[in-house]
Asker: 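Here it is, the structure in full.
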Amino acid sequence: MSEEKSLNFLEEIIENDIAAGKNNGRVHTRFPPEPNGYLHIGHATSICLNFGLAKKYNGKCNLRFDDTNPVTEETEYVESIKNDIRWLGFEWDGEYYASDYFDKLYDFAVVLIKKGLAYVDDSTAEQIAATKGSFEKPGQESPYRNRSVEENLQLFAEMKAGKYNDGEKTLRAKIDMAHPNLLLRDPLMYRIKHEHHHRTGDTWCIYPMYDYAHGQSDSIEEITHSICTLEFIHHRPLYNWFIEQLGIFPSHQYEFARRNLTYTVMSKRKLLQLVNDKHVSGWDDPRMPTVSGMRRRGYPAAALRQFSDTVGIAKRENIVDVGLLEFCVREHLNKTSNRVMAVLDPVKLVITNYPAGQEDIFEAENNPEDPNGGARPIPFSSELWIEREDFMENPPKKFFRLAVGNMVRLKSAYIVKCAGFKKDDAGNITEVHCSYLPESRSGNDTSGLVVKGTIHWVSVAHARTAEVRLYDRLFKVEDPSNEDGDFKDYINPDSLSVLPSVYIEPELAKAKPGDQVQFMRKGYFAVDTDSTENKLVFNRTVTLKDAWAKEVKKG
RNA sequence: AGUGCGAUGGUGUAACGGUAGCAUCACAGACUCUGACUCUGUUUGUCUAGGUUCGAAUCCUAGUCGCACUACCA
């Protein structure tokens, strides 16, 4: 209340409607997916918008499957869509299907025929296209346009009864073949498809077109605010025309600009290509911008909701930096993920003054952001794995990690001082040698020393292993759809790298699919569903911000 | 070409005739047993040209640029 948050243009419209007493102040939205594919982040935004608006204004939001094309639609998609919406944290009020309304829609069509506003056309698809006209030229009226009401009624009934083959006849609205808006040049209302429908089976062989079905479905459900993306703006006059001619509940359509994200593609067609051409492992590949992919990658639903909120909505073209999404993901994971230690690219560190074979157990805080996060035991011994990049033979200035003569803190354990290292014949460093300072024990440090660097480690004798999958952006360019040539030419060949055997602290071996942790200093990781009893698989959700990497880049 | 929609820092979004703000990014610093987190500070913007007005991102006019629309898809 104290802080005034500005409204987006839809909230403004809704608040004005409420203030004006429109629909008695009732707000009812709907999310209308077509069950022919998986939901992606663009849908997630629409879900947050529609369900969010309903929640904010004490209204309702229906889930309605727009299943008017039996050729492409399947029940399998219905289930995945419902699952994704629930995972995102929303529950719909009514669950409906456009196919629920096939009878009503048919009756509405009869009404329009009787009013002389619809007719059965024998033209072929090619003829209809050819007589449609163009942006500058008016179309031509169909020779079947002026059939009598009785004839239209009979032919339409015969279409429904299955007397005709696919494409032989259509039902068209009789509007205006010279209208500047091509959608109003006698648009198709029904086409014949002798196809099995996922819900109505073989009951129907005529199916309504989107423009005829969508608005009437909204109206039947008494949707007050029907929100869709900008490309439907030209459809609005038609949406209104049907509702007005039928005299049914006046739902209204509002359009907003769809969200685009950098370094990915969003169209179902393109995503399907990535799957079919095996550029990714499936719709739920963690590199995909699908809801299922992001879930598997470890993006929290709350982060997706926050992203949607932060980005906001408007009516202008946009492409949102994926960095903003990653920021939201980190913000949530930072609060909820336990810190653990894992060494991705190991080199051995030998503590020369620590007795070989001796072991010690340290208590490590699970999450400094969570006072109730508890602690876990971490075994320590004279030989540890550390990251190869945490030692340098010839360190640059401001390198706070290990180098001969340098001291660092081993996280949750001792301060060590580097005395030397070993190399193999090829010049690769094979061992780093250090001595530890017993008085610097974590939690009981009397050394008085302050060291600038802290590094993570895993005891060699106690280490377990896991597979780690590192993901990077799927494309090399910000907007692959907007580049010359095929978008697939811009796929990043290094978007996935697999580390088959990473050393992890023993406690981590208990992790279960879906668990999320921070590998200290390396990033946030989620246990993948490919994990088995014997082999854990971690997906890197997102890296940590890395100030040192930037420093190095600057040179 | 016609119609429609749009144009505010690198990105996204506010300001509804009266101080161009917020988030992210970038940069600088503080803090730090994660070069993380957190905190502080800084740089960067109203498409152009006219007009109305005491005052314009906002209103008017003309241009420029971008996007959408000519599927028996949604």
Side-chain angles (χ1 to χ4, degrees), chain A residues 5-8 12 32-34 36 66-69 71-73 121 123-125 128-129 132-137 139 166-172 179-183 185 188-193 206-207 209-211 213-214 228-237 255 257 259 262 268 309-328 330-331 334-335 339 341 364-365 368-369 398-401 408-415 440 442-443 445 450-456 478 518-524 543-551:
Chain A
K5 209 193 172 233
S6 57
L7 304 176
N8 65 48
E12 226 163 82
E34 186 189 9
N36 70 345
D66 227 330
D67 55 351
T68 56
N69 186 356
V71 180
T72 55
E73 295 153 3
D121 195 340
S123 304
T124 63
I128 289 175
K132 183 122 193 175
S134 66
F135 293 135
E136 318 85 68
K137 277 181 296 195
D166 288 9
E168 207 176 321
K169 284 182 166 41
T170 57
L171 184 73
R172 288 229 256 172
H179 202 285
N181 182 342
L182 271 56
L183 287 161
R185 316 240 264 227
L188 262 58
M189 293 168 60
Y190 274 92
R191 76 285 216 194
I192 300 171
K193 279 179 191 283
I206 56 172
Y207 292 93
M209 300 288 290
Y210 166 86
D211 281 308
H214 199 102
C228 62
T229 46
L230 231 41
E231 68 267 27
F232 289 98
I233 196 164
H234 302 278
H235 296 245
R236 194 169 66 209
E255 310 85 14
R259 305 260 64 117
T262 54
K268 274 186 201 169
D309 210 49
T310 304
V311 161
I313 60 153
K315 295 179 78 165
R316 69 182 89 109
E317 297 297 317
N318 61 79
I319 179 160
V320 185
D321 191 336
V322 70
L324 184 60
L325 212 206
E326 292 174 343
F327 166 83
C328 296
R330 286 193 190 100
E331 187 162 73
N334 176 50
K335 292 180 204 137
R339 275 58 172 171
M341 295 202 280
E365 186 185 21
E369 304 286 326
K398 294 203 258 179
F399 183 77
F400 306 139
R401 307 176 190 178
V408 299
R409 158 81 58 187
L410 294 174
K411 176 71 187 175
S412 301
Y414 297 106
I415 292 174
S440 67
S442 191
D445 186 344
V450 180
V451 293
K452 196 86 172 143
T454 299
I455 65 171
H456 60 277
E478 283 200 349
Q518 183 195 105
F519 286 181
M520 204 162 292
R521 304 208 300 137
K522 288 278 118 187
Y524 295 98
T543 59
L544 259 25
K545 285 220 286 191
D546 190 346
W548 173 242
K550 258 185 230 164
E551 191 68 33

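Numbered from 1 within each chain, the chains take letters A, B, ... in sequence-line order.
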Asker: Tell me what I319(A) touches on the nucleic acid: a base, only sugar-phosphate, or nothing, going by heavy atoms under 4.0 Å.
Answerer: sugar-phosphate
Asker: How many whole angstroms separate atom CD of E73(A) from atom C1' of C73(B)?
Answerer: 9 Å
Asker: In whole angstrom, give me the gap between the C1' atoms of A15(B) and U70(B).
Answerer: 40 Å
Asker: Given atom CG of N8(A) and atom C1' of U13(B), what is their separation to the nearest angstrom?
Answerer: 10 Å
Asker: If a protein heavy atom is under 4.0 Å from the base, mark B; if only from the sugar-phosphate, S; if neither, -; do that for nucleotides 65-70 of chain B going 5' to 3'.
Answerer: --SBBB
Asker: Using the P atoms only, state how far C72(B) lies from G66(B), rounded to an integer number of Å.
Answerer: 29 Å
Asker: Expressed as a whole number of Å, how far does the P atom of C54(B) sit from that of U11(B)?
Answerer: 37 Å
Asker: To the nearest 0.5 Å, tell me how far H235(A) NE2 sits from E255(A) CD.
Answerer: 10.0 Å
Asker: Can you check the distance between G9(B) and U46(B), where both ends of the measurement are the P atom (answer in whole Å)?
Answerer: 7 Å
Asker: Keeping the roles fixed (side chain from R339(A), backbone from Q518(A)), state whether a donor-acceptor pair exists under 3.5 Å.
Answerer: no
Asker: Calculate the interatomic distance between H179(A) atom NE2 and G4(B) atom P; express it in whole Å.
Answerer: 11 Å
Asker: Could you give the distance from OH (Y524(A)) to CG (N334(A)), rounded to the nearest 0.5 Å?
Answerer: 4.0 Å
Asker: Tell me, please, which residues at least two apart from E365(A) pass salt bridge (Lys or Arg N to Asp or Glu O under 4.0 Å).
Answerer: none
Asker: Within the 4.0 Å limit for protein heavy atoms, which parts of nucleotides 16-35 of chain B are touched? Write it as a string from 5' to 3', B for base, S for sugar-phosphate only, - for none.
Answerer: B------SSSSSS---BBBB
Asker: Calculate the interatomic distance between R316(A) atom CZ and G6(B) atom P; express it in whole Å.
Answerer: 11 Å
Asker: For P33(A) and for V320(A), locate the closest nucleotide of RNA chain B by heavy-atom distance; then report the residue assigned to the nucleotide nearer the 5' terminus.
Answerer: V320(A)
Asker: In this structure, how many angstroms lie between the C1' atom of C5(B) and the CG atom of N318(A), rounded?
Answerer: 14 Å
Asker: Under the 3.5 angstrom rule, does the side chain of N181(A) hit a backbone N or O of H234(A) as a donor-acceptor pair?
Answerer: yes
Asker: Assign E136(A) to base, sugar-phosphate, or nothing according to its heavy-atom contacts below 4.0 angstrom with the strands shown.
Answerer: base
Asker: Rounded to the nearest 0.5 Å, how far apart are NZ of K452(A) and NZ of K398(A)?
Answerer: 10.0 Å
Asker: Nearest to the K315(A) side chain among G2(B), G6(B), A74(B), which nucleotide is it?
Answerer: G6(B)
Asker: By the 4.0 Å heavy-atom rule, please label T124(A) as base, sugar-phosphate, or nothing.
Answerer: base
Asker: In Å, rounded to the nearest 0.5 Å, how long is the span from CG of D67(A) to OG1 of T72(A)?
Answerer: 10.0 Å
Asker: Could you give the distance separating G29(B) and C47(B) at their C1' atoms, to the nearest angstrom?
Answerer: 37 Å
Asker: With rounding to the nearest 0.5 Å, note down the distance linking CD1 in I233(A) to SG in C228(A).
Answerer: 8.5 Å
Asker: Is there side-chain contact between T454(A) and R521(A), with heavy atoms separated by less than 4.5 Å?
Answerer: no
Asker: Treat a base pair as Watson-Crick or G-U wobble with both distances under 3.5 Å, then lay out RNA chain B in dot-bracket form, 5' to 3', with | for cross-strand pairs.
Answerer: .((((((..((((....[..)))).(((((.......)))))....(((((..]....))))))))))).....
Asker: Are R259(A) and U13(B) close enough that a side-chain N or O sits under 4.0 Å from OP1 or OP2?
Answerer: yes
Asker: Rounding to an integer number of angstrom, what distance separates C16(B) and G10(B) when you compare their C1' atoms?
Answerer: 28 Å
Asker: If you round to the nearest 0.5 Å, how far is CZ of F327(A) from NZ of K545(A)?
Answerer: 8.0 Å
Asker: Counting the atoms with a prime plus P, OP1 and OP2 as sugar-phosphate, which does T543(A) contact under 4.0 Å by heavy atoms, base, sugar-phosphate, or nothing?
Answerer: nothing
Asker: Residues two or more places apart in sequence or in another chain: which of them pass side-chain hydrogen bond (donor to acceptor under 3.5 Å, both in side chains) with T229(A)?
Answerer: E231(A)
Asker: Check every strand shown and say whether A314(A) touches a base, only sugar-phosphate, or nothing at a heavy-atom separation below 4.0 Å.
Answerer: sugar-phosphate
Asker: Can you name the salt bridge (Lys or Arg N to Asp or Glu O under 4.0 Å) partners of K137(A), sequence neighbours left out?
Answerer: none
Asker: Where the side chain of R409(A) meets the backbone of S440(A), is there a donor-acceptor pair that is under 3.5 Å apart?
Answerer: yes
Asker: A20(B) and C39(B): how far apart are their P atoms, nearest whole angstrom?
Answerer: 27 Å
Asker: If the P atom of G55(B) is compared with that of C67(B), how far apart are they to the nearest Å?
Answerer: 38 Å
